[in-house]
Amino acid sequence: MIAFLSLIVLVHSVFGDNLVEVLQADGETTLISLVQQAGLADTILGGEYTIFAPTNAAFSKLPQATLDSLSKDTTALANILKYHVVKGSIHKADASNELQLETLAGTKIRFNIYSHNNVVTVEGSKITHFDLTASNGMVHVIDTVMMPPEGNIVDLVAGNSDLSTLLSKVQSAGLAGALQGDALTVFAPTNAAFARLGSHVLDNLRRNPRLLKEILEYHVVPHTEYSAGLYNREYLRTLDTHHDVIRLGVSSTGRVTVNLNSHVTKADISATNGVVHIIDHLKLRMISYLTLAVIVQSAFAGNLVEVLQNDGETTLIALVQQAGLADALLGGEFTIFAPTNAAFAKLPQATLDSLSKDSTALANILKYHVVKGSIHKADASNELQLETLAGTKIRFNIYSHNHVVTVEGSKITHFDLTASNGMVHVIDTVMMPPEGNIVDLVAGNSDLSTLLSKVQTAGLAGALQGDGLTVFAPTNAAFARLGSHVLDNLRRNPRLLKEILEYHVVPHTEYSAGLYNREYVRTLDTHHDVIRLGVSSSGGVTVNRNAHVTKTDISATNGVVHIIDHVLIPARYLFSAILGRK
């Protein structure tokens with residue numbers, strides 16, 4: 001098939017129609033008429049060019065006043081048409097995201113490629129038909145007439161009287177330079193949007209340029225997002241200090257909202273360095289109050305103990321005082337992962353009673369929740385480990401599908417409470433220091449003695465001491481369910497035993513907060529077979545339908561263990577004679 005197509009392209013290049021004839025054959029009559037009116041036909045026939053050709057329907061979308069104006073001003077018309085033409089033959093395969101090409105008008109046009117919906121745009125206009133080959137170039141059909149930008153984003157804002165408040169705030173915050181960088185998307189609030197904040201909030205922003213700058217940066221996305229690439233429930237990271245996200249809503253009619261309450265009233269205003277979308281509310285829903293709290297706390301807030309008190313973590317404070325750690329927390333800069341009162345209430349009463357009698361053990365557990373320095377949410381990365389004051393490490397996990405961040409499997413419910421000497425993140429479960437690596441954990445649990453024996457027989461103990469592992473650990477009873485005949489076969493076949501044991505190991509850390517229904521997870525076995533997880537509405541977890549997780553989230557220094565009540569068998573062995581099945 002490819003040879004035939006190549007032959008057509010080759011023949012077309014030698015004998016095919018020129019660019020004007022290709023446009024005529026594709027039915028772009030309005031464009032041809034305007035090219036002739038502007039006296040550009042000879043230019044287009046006198047070299048090799050690529051034309052981004054608006055359809056007749058694209059021209060009909062222009063306001064009649066614009067069309068009337070262009071019909072009277074051939075210089076302006078020619079400039080717009082030249083903005084749709086670049087030198088040489090540019091194929092679809094040559095396009096890359098954010099690629100810019102210089103046009104005959106002397107200004108550049110930008111490609112964007114949106115993989116989620118397979119759309120390619122040029123200056124936000126969707127390319128609907130690619131690679132119409134002519135004897136002297138190439139044609140790509142687009143659905144919107146591109147209008148040459150009148151400058152960069154700052155110029156664009158300065159030239160729009162309805163954005164004068166935004167311009168003033170950008171200048172006050174010293175942000176004009178940043179907005180002259182390349183490939184930016186700005187959600188630009190109107191004067192009315194600022195007025196909706198009220199005089200008291202505006203006064204606070206006037207007095208606090210750092211807060212103002214952070215809020216303005218929250219309106220900037222560091223890549224180009226035209227409306228053709230936006231989709232419902234899309235999350236975009238912004239330019240603000242913490243790289244906070246904005247959430248987009250796109251209705252079936254194409255109406256776009258930002259953070260639920262802000263509406264895009266005018267989209268796709270191209271600038272030489274990106275695109276502007278005008279919005280009717282400042283985007284404060286997700287950031288402003290948190291940012292305000294951070295800044296106020298940095299200047300006026302109390303120390304770590306006082307921040308914990310203000311957030312209502314009374315149980316933690318009482319235990320810190322009981323363990324004699326209050327002075328230590330005030331004597332340096334620390335980050336505390338602070339369990340809520342409810343988190344402590346989830347501990348067995350016997351554990352609480354034991355800790356109340358053993359201040360050394362209590363202090364060790366509390367120190368396990370503290371690391372040196374100020375660690376922000378933005379500093380976290382998946383599988384990142386931090387050393388605690390207890391001398392052991394805690395592990396971050398980031399689960400993108402549900403936007404959960406955990407530390408040793410405990411969900412962080414509130415980030416970045418800033419104190420004068422550090423940072424607090426609130427967590428929903430008390431973290432218990434692990435008693436060793438995964439092999440140590442299995443060896444220390446009498447209900448996993450069969451598993452330990454099998455691991456040793458299969459020579460798998462070394463592999464289970466690697467880092468970042470999840471083990472679904474079958475109990476002694478789970479092995480007993482296989483029956484003596486199957487166990488005998490496994491005893492005689494160490495390679496099969498090793499493969500089945502590896503099928504219980506996932507080569508990354510999967511705490512229960514990150515599991516979801518119908519999740520498929522690849523394992524460590526030779527064929528990297530997958531296990532299928534089921535998560536019920538009540539939070540119960542099954543593996544491959546018949547194995548139930550009876551105890552979750554047992555942390556080890558190198559990962560996590562979940563105990564299960566059945567041995568997992570790869571699908572290819574389920575009915576194998578080697579397992580004694582028929």
Side-chain angles (χ1 to χ4, degrees), residues 152-181 184-227 230 232-251 255-269 271 274-298 377-378 415-416:
N152 63 31
I153 288 170
V154 175
D155 298 328
L156 188 155
V157 171
N160 187 328
S161 60
D162 201 30
L163 300 177
S164 58
T165 305
L166 174 60
L167 178 64
S168 169
K169 301 298 182 191
V170 164
Q171 292 168 336
S172 297
L175 201 59
L179 291 184
Q180 291 175 351
L184 302 176
T185 300
V186 174
F187 292 90
T190 60
N191 299 342
F194 278 98
R196 286 190 179 95
L197 291 178
S199 59
H200 182 67
V201 175
L202 290 172
D203 286 343
N204 281 339
L205 292 178
R206 196 173 297 115
R207 289 193 297 267
N208 196 328
R210 190 159 77 90
L211 174 60
L212 173 63
K213 181 173 182 285
E214 182 122 356
I215 287 176
L216 292 176
E217 287 174 334
Y218 184 59
H219 290 72
V220 184
V221 175
H223 52 266
T224 315
E225 286 281 346
Y226 281 91
S227 58
L230 305 181
N232 195 40
R233 297 183 181 177
E234 181 178 12
Y235 289 86
L236 297 175
R237 293 208 172 274
T238 65
L239 203 66
D240 82 287
T241 309
H242 300 285
H243 304 299
D244 292 285
V245 296
I246 56 175
R247 174 178 169 170
L248 302 179
V250 181
S251 71
R255 185 173 175 81
V256 178
T257 58
V258 188
N259 290 357
L260 301 178
N261 68 332
S262 182
H263 300 85
V264 174
T265 58
K266 188 172 182 182
D268 297 339
I269 309 173
V275 63
V276 172
H277 306 291
I278 294 179
I279 57 176
D280 61 359
H281 285 75
L282 260 76
K283 297 182 296 181
L284 298 174
R285 181 180 179 89
M286 292 173 130
I287 185 173
S288 62
Y289 299 113
L290 291 177
T291 306
L292 182 61
V294 166
I295 290 172
V296 169
Q297 283 181 337
S298 297
K377 178 183 179 182
F415 295 88
D416 293 352

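Numbers here are sequence positions counted from 1.
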Calculate, to the nearest 0.5 Å, the distance between atoms [atom1] and [atom2] belonging to [X] and [Y] respectively.
| X | Y | atom1 | atom2 | value |
| --- | --- | --- | --- | --- |
| Arg206 | Leu212 | CZ | CG | 10.0 Å |
| Ile269 | Ile278 | CD1 | CD1 | 3.5 Å |
| Asp240 | Glu214 | CG | CD | 4.5 Å |
| Ile279 | Thr265 | CD1 | OG1 | 8.5 Å |
| Asn160 | Leu166 | CG | CG | 9.5 Å |
| Ile215 | Leu205 | CD1 | CG | 5.0 Å |

Side-chain contact test, heavy atoms from C-beta onward, threshold under 4.5 Å: evaluate it for [X] versus [Y] and give yes or no.
| X | Y | answer |
| --- | --- | --- |
| Val264 | Leu230 | no |
| Asp280 | Ser262 | yes |
| Lys169 | Leu175 | no |

Margin query: For the backbone of Glu225 and the side chain of His277, can you confirm whether one donor and one acceptor N or O come within less than 3.5 Å of each other?
Written below: yes

Next item on the list: Compute whether any side-chain donor of one residue and acceptor of the other, for Asp268 and Ser227, lie under 3.5 angstrom apart.
Entry: yes

Margin query: Testing the 3.5 Å rule here: is there a donor-acceptor pair between the side chains of Thr190 and Asp162?
Written below: no

Notebook entry, point to check: Please walk me through it: do Asp244 and Thr238 pass side-chain hydrogen bond (donor to acceptor under 3.5 Å, both in side chains)?
Noted result: CA-CA 6 Å; Asp244 292 285; Thr238 65; 5.5 Å; no

Next item on the list: Mind checking side chain to side chain donor-acceptor pair (under 3.5 Å) for Arg255 and listing every partner two or more places apart, or none if nothing turns up?
Entry: none

Minimum heavy-atom separation for [X] to [Y], with atom names?
| X | Y | result |
| --- | --- | --- |
| Val245 | Tyr218 | O-OH, 2.8 Å |
| Pro189 | Leu282 | CB-CD1, 3.4 Å |
| Ala188 | Val276 | CB-CG1, 3.7 Å |

Next item on the list: State which residues pass salt bridge (charged side-chain N to carboxylate O under 4.0 Å, His left out) with Lys213; sequence neighbours excluded, sorted by chain then number.
Entry: Glu217

